[in-house]
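These notes concern the structure reproduced below.
Atoms considered below: every heavy atom in the structure, side chains included; atoms not considered: hydrogens, waters and symmetry mates. Note on naming: letters A, B, ... go to the chains in the order of the sequence lines (proteins, then strands), and numbering restarts at 1 for each one.
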2 protein chains.
Amino acid sequence: MKKASLKDIAQQAGVSTALVSYVLNGKEKETRVGEVIAQKIRQIAKELNYQPNHLAKSLRSGKTYTIGLIIADISNPFFANIARVVEDEAKKNGYTVIIGSCDEHAEKSWDLLNVLINRQVDGFIIVSCEGSENQVHYLKERNIPFVLLDRHFPEIQTDFVATNNYKASYDAGVHLIQSGYSKIGIMAYKSNMYHMEERVRGYKHALRDNHIEFHDSWLKEVHFETMDSEVRTAIDEILASEQRVDAMIFATYGLAINALKYINELRLKVPSDLAIVSYGQAEVFDLYYCPITYVQQPLEMLGKTAVEFLLTKLKNPEESMKQILMEAKLIARESSKAKPALTG
Amino acid sequence: MKKASLKDIAQQAGVSTALVSYVLNGKEKETRVGEVIAQKIRQIAKELNYQPNHLAKSLRSGKTYTIGLIIADISNPFFANIARVVEDEAKKNGYTVIIGSCDEHAEKSWDLLNVLINRQVDGFIIVSCEGSENQVHYLKERNIPFVLLDRHFPEIQTDFVATNNYKASYDAGVHLIQSGYSKIGIMAYKSNMYHMEERVRGYKHALRDNHIEFHDSWLKEVHFETMDSEVRTAIDEILASEQRVDAMIFATYGLAINALKYINELRLKVPSDLAIVSYGQAEVFDLYYCPITYVQQPLEMLGKTAVEFLLTKLKNPEESMKQILMEAKLIARESSKAKPALTG
DNA sequence: TATTCAAGTTTAAACGATTAAGCAACTTAT
DNA sequence: ATAAGTTGCTTAATCGTTTAAACTTGAATA
């Protein structure tokens with residue numbers, strides 16, 4: 001049994017497709033469709049279980065009610081969760097989401113962008129990866145609506161919804177200091193992405209403001225692709241250095257996971273051998289023998305707001321630029337608990 | 001700058017849209033397009049950065065090169081990963097995937113199905129949830145191509161790709177028995193889904209074949225929606241019973257996570273107080289203080305094969321029914337390590 | 001009685017692509 | 001010289017919808 005079209009209904013009712021369209025779109029009043037025929041049309045539509053063809057609608061209207069969500073790394077549970085939020089929120093508003101992960105590769109991101117543009121998505125929500133500035137410029141030029149999520153480029157004027165990473169790292173640093181740690185390292189991605197730089201900057205300023213001198217050996221930057229091995233080397237180095245750290249901040253979930261695996265292998269005890277604060281959030285952090293202190297980003301709000309921004313922009317393209325930085329919350333757990341005073 | 005259409009190119013080249021279409025689809029030979037004009041068309045297409053409109057193509061051809069992936073529970077990392085595999089594999093074949101999670105609700109699954117049908121997806125890959133048999137029947141009736149993934153209904157003839165859950169549980173049971181555990185419990189979802197029944201059946205047969213009498217109190221079935229609280233009660237009960245278990249199998253990732261949290265709270269030591277084998281796979285299992293033994297399902301293969309089945313069916317709707325059960329592999333870790341002999 | 005108006009309906013173009021069929025203008029064969 | 005074939009291109013229908021514009025009635029107004 002093939003799908004019924006407007007034409008099928010029109011034929012059965014003995015009227016033109018126009019009337020059917022009017023009735024089924026609730027425009028019978030404005031377009032003065034007779035009450036009797038309207039009833040009949042509705043009846044037949046029901047009998048044939050009519051479902052409008054979205055393609056045809058979209059082709060005609062130029063709107064697909066679809067948004068493209070490009071995520072830098074879907075294997076990160078933080079992003080996976082944010083994707084869910086975006087999907088749910090979009091669905092509530094009658095939009096469908098097509099998700100793609102570029103796995104931190106600008107090239108893959110570019111491909112995704114093109115595929116989705118050809119599929120005529122109405123707009124984009126994007127968690128940008130390094131080197132994708134040109135893509136953002138392209139969207140601006142082409143006048144395709146989009147909102148950057150979680151990461152943005154301060155030198156490009158765009159809508160965005162992100163976390164105040166500077167503040168989050170600053171808080172994390174202060175927390176560790178107040179807990180009695182004074183030699184604090186940080187591990188981040190080697191990247192010139194703004195959000196990553198901010199995470200490092202906040203940490204450094206926390207040290208500075210508490211009169212702790214920062215040592216270059218405390219900052220470890222590793223490449224995303226070769227994280228597995230580089231994290232190990234980095235940990236080795238940071239522990240072997242003269243200024244051996246007693247606490248570390250991990251700027252991403254992936255770094256923390258890899259580091260924790262290695263720390264376990266080394267039989268280092270958290271927090272006595274090494275205190276830890278990490279970005280990201282996941283069940284692992286709860287179930288680790290020593291629950292991990294983490295930076296809780298307002299995941300739900302980030303996702304919802306991004307959708308909201310995009311949808312208002314779709315409704316009114318002239319809408320002014322919207323930019324928001326949301327505050328993260330440090331969830332203190334055992335992995336950073338106060339150091340027993342040495343003089344105790 | 002608006003998107004260029006065939007018409008725009010045709011106008012610039014001073015030819016009909018037909019010629020442009022022929023050239024850009026590589027049909028210039030069959031349709032005898034002049035070499036000179038063909039070059040010109042290609043040139044202009046490039047200049048205008050022509051990208052074909054997928055909607056129009058699809059409307060005309062009846063194919064969208066889109067597949068709908070309906071997942072029972074995307075928050076389960078196993079499914080999240082399988083979704084990635086499906087997406088990647090589909091993309092390799094020029095297909096786009098639209099993912100939806102029904103969160104184990106048949107009603108939500110039905111909504112998703114309809115949304116995606118209206119969006120004219122070419123076919124479905126579905127991880128069915130309880131009570132969705134009618135949906136499967138509906139797809140069969142409507143002759144919409146689909147493949148069931150991971151879960152299937154033995155009483156309905158369909159294509160499917162799934163794990164041999166009976167065997168997996170049997171192996172898990174035997175492994176625990178051989179490791180010296182003799183009072184083995186299992187926690188599963190309260191469900192009449194076949195895959196869940198198989199997981200329990202395999203476990204029971206492992207006991208039977210090893211001359212261990214199964215006790216009703218060893219089987220705990222909890223509801224998906226109220227898992228958080230029910231798991232705790234179930235653990236309490238199973239530990240308080242006369243036949244207190246010394247090992248447990250968790251039939252899903254979610255159950256294991258909830259149980260482990262509670263077990264931690266109770267300060268029970270794994271495996272000495274309680275040995276554990278779980279379904280699902282995730283970083284948690286590696287990072288737990290005592291790495292968790294788990295049933296490793298052939299995730300990659302499952303996803304790829306499902307896509308493969310669906311695509312061959314799309315290419316040739318007359319293709320015969322395809323059904324596959326794949327074997328899981330038990331990854332033995334510390335959480336189920338051999339019990340020290342009492343007489344040692 | 002002629003004119004205007006409203007109600008109820010149809011027509012046809014449009015969205016952007018594909019493709020069978022048709023039509024000139026040549027060339028070649030008979 | 002005429003028929004047949006080849007080459008190179010255009011026309012127009014089609015997919016399923018939407019919607020402005022036109023059209024037909026019959027009733028109300030002047």
Side-chain angles (χ1 to χ4, degrees), chain A residues 1-42 44-45 48-66 94 117-122, chain B residues 1-42 44-45 48-66 94 117-122:
Chain A
M1 185 181 47
K2 267 193 58 193
K3 270 192 75 170
S5 71
L6 278 194
K7 211 170 161 187
D8 300 324
I9 300 179
Q11 259 158 12
Q12 274 215 29
V15 296
S16 70
T17 62
L19 273 202
V20 181
S21 173
Y22 290 143
V23 172
L24 298 184
N25 286 297
K27 304 204 173 154
E28 35 185 313
K29 287 288 173 291
E30 306 108 278
T31 57
R32 306 170 313 216
V33 180
E35 185 51 37
V36 183
I37 202 73
Q39 282 300 340
K40 189 171 175 188
I41 287 171
R42 268 191 291 267
I44 295 175
L48 297 185
N49 184 31
Y50 170 73
Q51 303 285 132
N53 181 322
H54 246 277
L55 292 177
K57 270 178 126 88
S58 296
L59 180 58
R60 176 66 218 248
S61 68
K63 319 194 104 292
T64 56
Y65 293 96
T66 302
I117 288 176
N118 293 354
R119 299 232 166 204
Q120 314 293 126
V121 299
D122 291 340
Chain B
M1 185 182 49
K2 266 194 58 192
K3 269 192 74 170
S5 70
L6 277 194
K7 209 168 161 189
D8 299 325
I9 300 179
Q11 257 159 13
Q12 274 214 30
V15 297
S16 70
T17 62
L19 272 202
V20 180
S21 173
Y22 291 144
V23 171
L24 298 183
N25 286 297
K27 305 206 173 155
E28 35 183 314
K29 286 288 172 291
E30 304 109 278
T31 58
R32 307 167 315 218
V33 180
E35 184 52 37
V36 182
I37 202 73
Q39 283 298 341
K40 188 172 175 187
I41 286 171
R42 268 191 292 267
I44 295 176
L48 298 185
N49 184 30
Y50 171 72
Q51 304 285 131
N53 182 321
H54 245 276
L55 292 177
K57 271 177 126 88
S58 296
L59 181 58
R60 177 67 218 248
S61 68
K63 321 194 102 293
T64 55
Y65 293 96
T66 302
I117 288 176
N118 293 353
R119 299 230 165 206
Q120 315 292 127
V121 299
D122 291 341

To the nearest Å, how far apart are [X] [atom1] and [N] [atom2]?
X	N	atom1	atom2	result
E28(B)	dT10(D)	CD	C1'	18 Å
R32(B)	dT10(D)	CZ	P	13 Å
N53(B)	dC15(D)	CG	C1'	13 Å
K40(B)	dG8(D)	NZ	C1'	15 Å
D8(B)	dC15(C)	CG	P	10 Å
I41(A)	dT9(C)	CD1	C1'	10 Å
Q11(B)	dC9(D)	CD	P	18 Å
L59(A)	dA13(C)	CG	P	17 Å

Closest to side chain of [X], choosing from [options]:
X	options	answer
L6(B)	dT10(D), dA17(C), dG16(D)	dA17(C)
K7(A)	dC15(D), dT10(C), dT19(D)	dC15(D)
S5(A)	dT17(D), dT10(D), dT11(C)	dT17(D)

Just call it for [X]: base, sugar-phosphate, or nothing, with non-hydrogen atoms closer than 4.0 Å on any strand.
X	answer
S21(B)	base
S16(A)	base
L55(B)	nothing
T31(A)	base

Task: Heavy-atom donor-acceptor pair, Y50(B) side-chain to dA17(C) base, under 3.5 Å - done: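 Checked by distance alone, the answer is no.
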
Open item on the list: Is it the case that dA7(C) (base atoms only) and Y22(A) (side chain only) share a donor and an acceptor within less than 3.5 Å, ignoring hydrogens and angles?
Closed with: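 No pair found.
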
Open item on the list: Using 0.5 Å steps for rounding, measure from the OH atom of Y22(B) to the NZ atom of K27(B).
Closed with: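 That separation rounds to 8.5 Å.
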
Task: Spatial distance of atom OG (S58(B)) from atom NE2 (H54(A)) [nearest 0.5 Å] - done: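 Here the rounded value is 13.5 Å.
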
TODO: Verify the contact: side-chain N or O of K57(A) to OP1 or OP2 of dG16(D), cut-off strictly under 4.0 Å; return yes or no.
DONE: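 K57(A) to dG16(D) OP1/OP2: no side-chain N or O under 4.0 Å.
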
Task: Donor-acceptor contact below 3.5 Å, side chain S61(A) vs main chain K57(A) - done: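 It does hold such a pair.
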
Open item on the list: Tell me whether T17(A) contacts the main-chain N or O of L6(A) through its side chain, where contact means a donor paired with an acceptor under 3.5 Å.
Closed with: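 It does not hold such a pair.
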
Open item on the list: With a 4.5 Å cut-off on side-chain heavy atoms, are Q120(A) and T66(A) touching?
Closed with: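 T66(A) does not reach Q120(A) side chain to side chain.
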
- [ ] Nearest-nucleotide wise, let me know which of I37(B) and A56(B) is further upstream toward the 5' end of DNA chain D.
- [x]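 It is I37(B) whose nearest nucleotide is closer to the 5' end.
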
